[in-house]
Each structure stands twice: as C-alpha cells, then as structure tokens.
Amino acid sequence: MKIHIKESAVISMAALGFFAAVGISQSTTVSAKSRVRVTSNVKLRTDASSRNVTFTGKAALFNKASSLKSAKKKTTTVTLKDLARSNKSSQNVRAYRVARTNQGKVYYKVVTFDGKYRGWIYGGKSRSKFAGGLKTYQTFKQGTLTNDMANGTFQFANPGTANDNQTVTYKQPAWTQYKVGRQVTDSSAYAAVNYKIDRAGTRTREGDQWVHIYAINNGNSGADGWILYSGLKSATNNNSPIADNAVCINLVDSATGASLTSVDYTKAGATKGATLGTNTNGVWQLASTDSSAIQSQIASALNRLGYTGFTLTQGQMAAIAQGTFGASVTISVVKPTINKAVRIVLTDPSGNVINYVDYTNNKAVNGQTLGTLDGSTFKLAATDASAIQTKLVDALKGTSYQLSANNTLTADQQSLIAQTTFGNQVSIKTVAVNPIKDNEVQLSFVDGTGQAVGSVKLTKGSSDKTALDTIKAVSVSDPTSSDSATLKKAYAALLTKAGIKGYTSDGLSNDQLAANTAALKAADYGKDVKLVVAKIPVKQLVSSAMFFDKKDTNDVKQGLTYFENANAKRDSDKNFGAALAGDTNIKGYAGDTVTVASLNAALKAQGLDTIYYAAKNDWWGAPGTHLAANDFGGTSGSLFNPAKVKSGDKIYVYKLTFTAKANNPDTSIGNTLDVNKPLFDKDGNVTIGDAGVQVALKYDQVSGAPHEITLNDTNMAAKSLAELYGE
C-alpha cells in the first residue's frame with residue numbers, strides 16, 4: 001500500500017505540474033495579446049492613385065488589426081490571391097486608412113472598387129511603403145498615340161446610354177480610380193460631334209485600349225472623357241469613301257479589339273463589288289501577286305506601330321480574299337512577345353516611328369515593371385537609366401532627332417519607361433536636333449520596314465517657288481517622274497546629298513512609289529517629307545576562284561583542285577572559292593571600290609593566304625599526280641585514305657603563300673592561265689560590277705624545295721599536311 005500511495009502521489013504531482021505549466025503558458029499568451037493596442041488610426045491623405053494596391057496573399061483580411069484581441073478573419077489568403085489575379089478592374093483595391101499598434105505593426109483598411117470586400121490587413125512595419133499583405137498596384141498604364149489616333153478625327157460609333165465602356169465617356173478609364181465614374185450617362189446628344197484624341201493607355205487587368213477624347217468645338221465639350229478605342233469610328237471616313245478599285249483592310253489588336261491602323265489595297269481595272277480573291281472548291285485564295293503586295297503593305301504599316309515580323313496566315317489571306325472592292329475587311333493581329341525585355345519605340349514629334357530598342361537586365365521577369373514606384377512616381381534604377389539612355393542615343397544617330405534638348409532622358413520619359421512591364425513596349429517622343437526652318441524642306445528616308453535610313457535639309461533657292469522646286473534642283477531631275485530611269489537618277493542624287501549609300505528607288509512597289517510621289521508633291525517649306533527607299537542588293541566582287549602553284553605553271557597548266565588551308569581544313573577549289581567570294585571584305589554595292597588590302601584580308605579570313613597540297617612521284621606535281629579528295633580521309637581527322645595512300649609511298653608536300661598586289665597578273669581575271677589581265681589597277685583598286693568575276697590566284701612556293709616524304713606508320717598518323725610538312 002505504501003508503494004501504491006507514493007506512486008499515486010508522484011503521478012498527481014506530475015499531473016499538477018503539467019497543468020500548472022499549461023496554465024502559465026496560456027496566461028502569458030492572453031496577457032501578451034491583451035497588451036496590444038492601436039496607437040494611431042488615421043485617414044490616408046496621399047494622392048489617390050498612389051493608394052491603389054493589390055493583395056500579395058501573405059495576410060488575410062480581418063475586421064480589425066489581426067493582432068488585436070477578438071479580431072475575426074473576414075477573407076482568407078486564398079480568396080485574396082484570386083482577387084490579385086483577377087482580370088476585372090472592378091476588383092482593384094484602394095487603401096484608405098492606416099493604423100499602427102504599440103508593437104510597431106502597421107495595418108491598412110482597404111476596399112475593392114466594387115465594394116464587395118472590405119477590412120483590415122497587415123501592411124508591414126513602415127508607413128512609407130506597402131508591405132506584408134499589400135503591394136502598390138498600377139491600375140492603368142499610360143501609352144502613346146498611334147499615327148491614326150494622333151491624326152484622326154472621331155465620333156461615337158454607337159451613341160446611347162449603355163454603361164459598357166464604349167458608348168459613353170468616363171472621367172477616368174472605368175474602374176481605374178475608386179468611385180470615379182461616367183462623364184455623361186447618354187452620348188446621344190453628341191452623335192454628330194467630332195473629337196480628337198490626346199491621350200491613350202491600357203487598363204492593367206483587362207489590357208484593353210482606352211483613349212481620352214475632346215471635342216474640336218469647345219461648345220461640345222460636355223462629353224470629353226475616356227472611352228474604349230473600339231467605341232469610336234472615324235469621322236474622316238464618312239466623307240472619304242473607299243475607292244471603287246480598293247479594298248480597305250482594317251487591322252485590330254487580337255487581344256483588345258482596339259483599332260491599330262488600316263491600309264487601302266488598290267488594283268488597276270478592279271470593279272466595285274467584285275471580290276479581291278477567288279473561291280476554288282470552297283477555298284478562298286489570293287493571287288500570289290496580291291498576297292505578296294498586301295503582305296508587304298500591311299507589314300510596313302504594322303512595323304511602325306511595333307508589331308514587327310508580321311506574316312499573313314492562311315486564314316487571314318482567306319478573309320482578305322473575300323473582301324470586295326469599294327468596301328472594307330477586318331483582320332486581327334497579334335502583338336509580338338518581347339520576352340524578358342522592354343521595347344522602347346522612338347518616334348518623331350508627330351508620332352512617326354524612327355527606331356526602337358529592346359532593353360533587358362538580369363532581373364527581368366515578364367509582367368513586372370522595369371522600374372519601381374517611389375511614392376506616386378515610377379523611377380528607373382541609375383544603372384538602367386544610364387544603359388537605356390546610351391542605347392537610345394545610339395539608335396537616334398543619323399536621324400536628325402534626339403531624346404531632348406540636351407539629348408538625355410527627361411524625368412517624364414524615364415517614368416514612362418519605368419512603368420512598362422517586361423514583355424511589352426512603350427513609345428518615347430523625340431525632338432528635332434535642328435528644327436526645320438521656314439526656308440527649308442527636309443527629306444527623311446526610311447526603308448521598307450519604316451526604319452530610319454537618314455535625312456537631309458534642302459534650302460530654298462532664289463528662283464524656287466515651291467518646296468518641290470528645291471527638291472528637283474538638288475535631284476537634277478524629277479523624283480515624281482513615271483519613268484524608272486529618271487526616277488532612279490533623281491533618287492540617287494538626293495540620297496548622295498543625304499550621304500546615304502546602299503539605297504535606291506529600284507525595287508519599290510507601286511504603292512510605295514505612289515506614296516512617295518504624293519508626299520513630294522505635297523512638300524512644303526518648314527516640313528518633313530518621308531520617302532521610302534529600297535536596299536540595294538549586295539554584290540560579290542568574285543564569283544569563283546582558281547588556285548595555282550605559280551612555279552608549277554611554268555610548264556604545267558593545271559589548277560589545284562584539292563588542298564589544305566592555313567586552318568588545316570582540306571576541301572575542293574570550288575568550295576574554297578565560294579567561301580572567298582562570300583567574304584564580307586570583298587562584297588559591297590555595284591560601283592563600290594575594293595582594294596588590294598581588302599582582298600588580302602579576305603584571303604586571311606578564309607585561311608587562304610597560306611595553303612598546302614601534295615603530289616605523288618613527281619617533284620613538280622605533273623598532271624594526274626596531285627593527291628585528290630579520295631586520297632584523303634576527309635576535311636578533318638585522319639589525313640589519308642588507307643585504301644589509296646599507304647605506308648611506303650613517296651609523296652611531295654608543297655607549301656604556298658599568296659599576297660595580292662596592284663596591277664599584277666598573279667591576281668588575274670579569267671578562267672585559264674592564258675588570260676593574264678590583272679584584277680587590280682595600278683592604284684590597287686577594282687570596282688564591283690553587277691556580276692562577280694572569276695579570278696585566278698597564282699601562289700608562290702616558300703623558299704626551299706618541297707618536302708619529299710616516305711610515308712610510314714608514324715607520319716601516316718599526322719592530322720594535317722602542315723604537320724606532315726614539318727610545322
């Protein structure tokens with residue numbers, strides 16, 4: 001019994017000790033929580049847009065600060081994560097009060113724009129920035145105007161009372177600012193009013209295109225405000241019907257439905273109402289000439305808007321083929337993905353694209369902004385700002401435009417770039433380096449993709465009455481002529497005046513020539529005239545080459561058909577000749593000059609300044625004794641083919657070198673050794689023609705006799721003729 005009693009006592013004491021410990025722990029917890037109190041609770045008064053936030057999913061929503069006694073959870077982190085991923089702007093979030101506890105924790109009171117979710121959420125330990133369960137969110141991203149937006153005149157497409165974002169206007173794009181709603185509730189009274197667009201951008205969640213419109217006549221300004229771009233129609237088109245022999249192809253963004261631009265495709269002899277394409281066994285098709293021309297025209301128009309690399313799909317071609325002359329057809333295009341980079345499009349003051357730069361850094365993540373939000377302003381890191389500015393300045397060289405008055409990024413330009421997300425693009429307007437004077441006309445040349453080639457300012461002559469007179473005086477011809485030879489001569493003079501090489505009017509489509517002619521005829525002093533020019537095809541100085549051992553050719557007229565270059569590569573004369581012909585050192589445009597030094601550079605680049613060949617049984621390599629391709633093991637690896645060349649055979653290995661010289665027949669034009677017309681003149685120059693020439697290169701043997709070698713197991717293992725030669 002005693003033992004039993006003692007054990008019971010021990011157990012009881014242990015149990016008491018356990019419960020006492022639990023009691024102490026619970027008491028401590030309750031006591032600690034009971035000491036948490038709110039030391040401040042105030043209304044946020046910073047700029048409204050700086051208080052737009054989104055949920056991080058790291059904290060839930062409570063009816064009061066979650067660390068306070070009796071705080072109850074209202075919305076879980078799972079639901080908040082779903083709200084953060086929402087594609088509806090009505091689920092944007094605004095923070096409007098902030099509280100701090102005696103523990104130094106900060107809590108924000110927030111509400112979704114639609115009012116469905118409201119409560120307190122943990123926001124970190126500093127009121128200077130959102131943290132914890134919240135982060136700053138940009139509900140709307142400002143963009144830049146396309147040419148059509150900037151230059152067009154618009155009306156409501158469907159005036160009325162619908163609250164659908166494209167019937168009436170809004171004080172701000174719908175649901176991008178808390179409790180900011182419609183500008184007008186009925187647009188019917190403004191149906192005939194003409195509007196201009198002065199701002200554009202996209203809602204972050206939907207990605208749709210919004211524009212801000214204002215009435216041309218101030219007396220009709222009651223409906224000035226924001227509306228979806230798709231809610232407008234062109235007022236100009238009402239008075240400018242599509243030509244009877246043209247099909248208007250409207251291009252819209254596939255993601256947002258926003259209008260991008262349009263092109264008119266005209267066809268001589270077409271009749272109104274006829275289809276552009278044909279239907280064969282139920283399949284609509286375009287003629288190859290039509291599809292090619294339309295592809296070029298659309299690609300050129302889209303490239304200026306940053307939709308680069310566009311190619312018509314079969315479905316799009318079928319849709320266009322069904323279009324009728326005198327009417328329009330609409331196709332959607334996909335915005336290119338700029339993976340982990342921000343595309344910065346540079347435009348002139350009128351919004352015309354000059355060039356673009358893709359910028360990335362080692363922190364790039366698609367969908368995240370390039371910069372960071374500092375208060376209510378987006379800013380670039382110093383390293384990014386410096387690197388971007390360098391790239392943009394370089395991209396503007398030779399264009400007559402610069403970033404700003406001192407050619408540096410302004411604060412506004414940096415902010416626009418900083419708020420752009422990786423994978424998207426932003427447009428930056430530039431300024432003219434030297435504004436066009438009232439007595440000047442500027443010609444700006446672009447290639448078929450819209451990229452700037454160069455420009456030139458022409459000053460009015462004393463007898464010039466029009467800007468076209470000034471242009472004609474410089475061209476010494478007529479750049480509006482329908483004669484191709486006259487046109488080519490005129491463009492050549494203008495391009496020379498601009499210091500531009502490698503471009504011509506040859507190769508331009510009829511549409512491009514027509515657009516150029518219209519621009520030239522409309523030229524005016526103090527204005528810029530944009531002209532499309534075509535890249536001149538690069539020509540080869542050399543079409544093919546023949547290689548000779550000059551000493552061998554004293555009595556044996558045979559070329560080297562298989563040999564080894566200085567890089568230990570063995571190949572045929574045909575392949576080595578093709579490599580030499582394609583070397584960039586000796587390629588250019590017809591009429592360009594190639595020097596002796598350029599040919600020597602090409603020979604060195606292709607490893608043809610020093611070569612090796614081998615021959616059997618004859619010191620000078622008589623006909624039929626040169627080792628050919630099937631005598632070797634290939635272009636690399638084993639030197640000899642053991643079925644053709646065996647241990648015990650005697651061969652001669654020759655080492656040759658070549659250096660081109662001025663007015664020297666060792667570098668001659670022709671296909672036999674009987675032709676000894678030097679390639680280069682006495683000054684060491686030759687002009688590239690429309691067609692390349694075949695050249696004969698006569699190599700010198702190095703001093704000393706060729707190496708006579710009796711093959712054995714050791715030297716048969718050599719990897720190259722150079723090694724066998726003893727080098």
Side-chain angles (χ1 to χ4, degrees), residues 542-583 602-659 666-667 670-673 694-727:
V542 173
S543 60
S544 61
M546 300 180 70
F547 304 84
F548 295 91
D549 178 342
K550 188 166 66 176
K551 191 168 185 179
D552 192 11
T553 60
N554 288 334
D555 51 14
V556 179
K557 296 180 179 179
Q558 61 172 336
L560 302 175
T561 58
Y562 194 85
F563 53 91
E564 178 179 292
N565 71 1
N567 302 321
K569 178 182 179 180
R570 293 174 295 283
D571 213 334
S572 67
D573 58 340
K574 180 179 179 181
N575 290 339
F576 277 130
L580 177 63
D583 192 281
L603 288 164
K604 186 174 181 62
Q606 300 302 324
L608 294 172
D609 52 339
T610 299
I611 64 175
Y612 302 83
Y613 76 95
K616 294 181 181 180
N617 306 322
D618 189 283
W619 186 267
W620 299 116
T625 69
H626 288 179
L627 294 189
N630 59 1
D631 293 313
F632 292 92
T635 59
S636 60
S638 299
L639 182 56
F640 295 112
N641 176 0
K644 293 285 187 177
V645 180
K646 301 179 177 60
S647 180
D649 288 350
K650 182 184 291 185
I651 64 170
Y652 297 89
V653 180
Y654 296 80
K655 178 181 180 181
L656 310 176
T657 60
F658 182 87
T659 302
D666 286 352
T667 313
N671 54 17
T672 73
L673 290 178
Q694 179 171 268
V695 297
L697 306 176
K698 301 157 195 176
Y699 284 72
D700 292 307
Q701 290 184 18
V702 297
S703 59
H707 291 195
E708 178 184 324
I709 299 169
T710 300
L711 297 175
N712 55 39
D713 291 342
T714 301
N715 54 31
M716 282 282 286
K719 299 298 183 183
S720 66
L721 287 175
E723 181 184 342
L724 199 61
Y725 187 82
E727 297 187 344

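- The two atoms that bring Asn575 and Asp571 nearest to each other are ND2-OD1, 2.9 Å, heavy atoms only.
- In summary, the aromatic rings of Tyr699 and Phe548 are positioned with their centroids too far apart to meet the 6.0 Å limit.
- When all heavy atoms of Ala566 and Asp609 are compared, the pair lying nearest together is CB-OD1, 4.1 Å.
- Using a distance-only test at 3.5 Å, with no hydrogens or angles considered, no donor-acceptor pair links the side chain of Asn567 to the main chain of Lys569.
- The number of heavy atoms from other shown groups lying within 6.0 Å of CG (Asn630) is above 12.
- At least one side-chain heavy atom of Leu639 sits under 4.5 Å from a side-chain heavy atom of Arg570.
- Judged by distance alone, with hydrogens and angles left aside, the side-chain atoms of Glu564 form a donor-acceptor pair with the main-chain N or O of Ala722 at under 3.5 Å.
- One distance of note links CD1 of Ile709 with NZ of Lys650; it measures 11.5 Å at 0.5 Å rounding.
- Residues Phe632 and Leu627 meet the side-chain proximity criterion, which asks for heavy atoms closer than 4.5 Å.
- Between Met546 and Asp573, every side-chain heavy-atom pair lies at or beyond the 4.5 Å cut-off.
- Of all the heavy atoms in Glu723 and Ser720, the pair that sits closest is N-OG, 3.0 Å.
- Of the possible polar contacts, none joining the Asp583 side chain to the Leu580 backbone as a donor-acceptor pair under 3.5 Å is found.
- Across every non-hydrogen atom of Asn565 and Gln606, the tightest pair is ND2-O, 3.2 Å.
- Contact of the Phe658 side chain with the Thr667 side chain is registered, since non-hydrogen atoms from C-beta on lie closer than 4.5 Å.
- The side chain to side chain donor-acceptor pair (under 3.5 Å) test applied to Asp700 returns Lys550, not counting sequence neighbours.
- Thr610 places none of its side-chain heavy atoms less than 4.5 Å from the side chain of Val702.
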Worked verdict on Asp649 versus Phe640 for side chain to side chain contact (heavy atoms under 4.5 Å, CB included): CA-CA 12 Å; Asp649 288 350; Phe640 295 112; over 6 Å; no

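- The backbone N or O of Val653 sits nowhere less than 3.5 Å from a side-chain atom of His707 that would complete a donor-acceptor pair.
- Side-chain atoms of Leu560 and His626, non-hydrogen and from C-beta on, do get closer than 4.5 Å to each other.
- Residues satisfying the ring-ring contact (aromatic ring centres under 6.0 Å, His included) test with Phe563, not counting sequence neighbours, are Phe547, Phe576.
- Distance check, rounded to the nearest 0.5 Å: NZ of Lys698 to CG of Asp549 gives 12.5 Å.
- For the atom pair Thr657 OG1 and Gln701 CD, the distance stands at 10.0 Å (nearest 0.5 Å).
- Rounding to the nearest 0.5 angstrom, the gap separating the CG atom in Leu697 from the CG atom in Leu603 is 6.0 Å.
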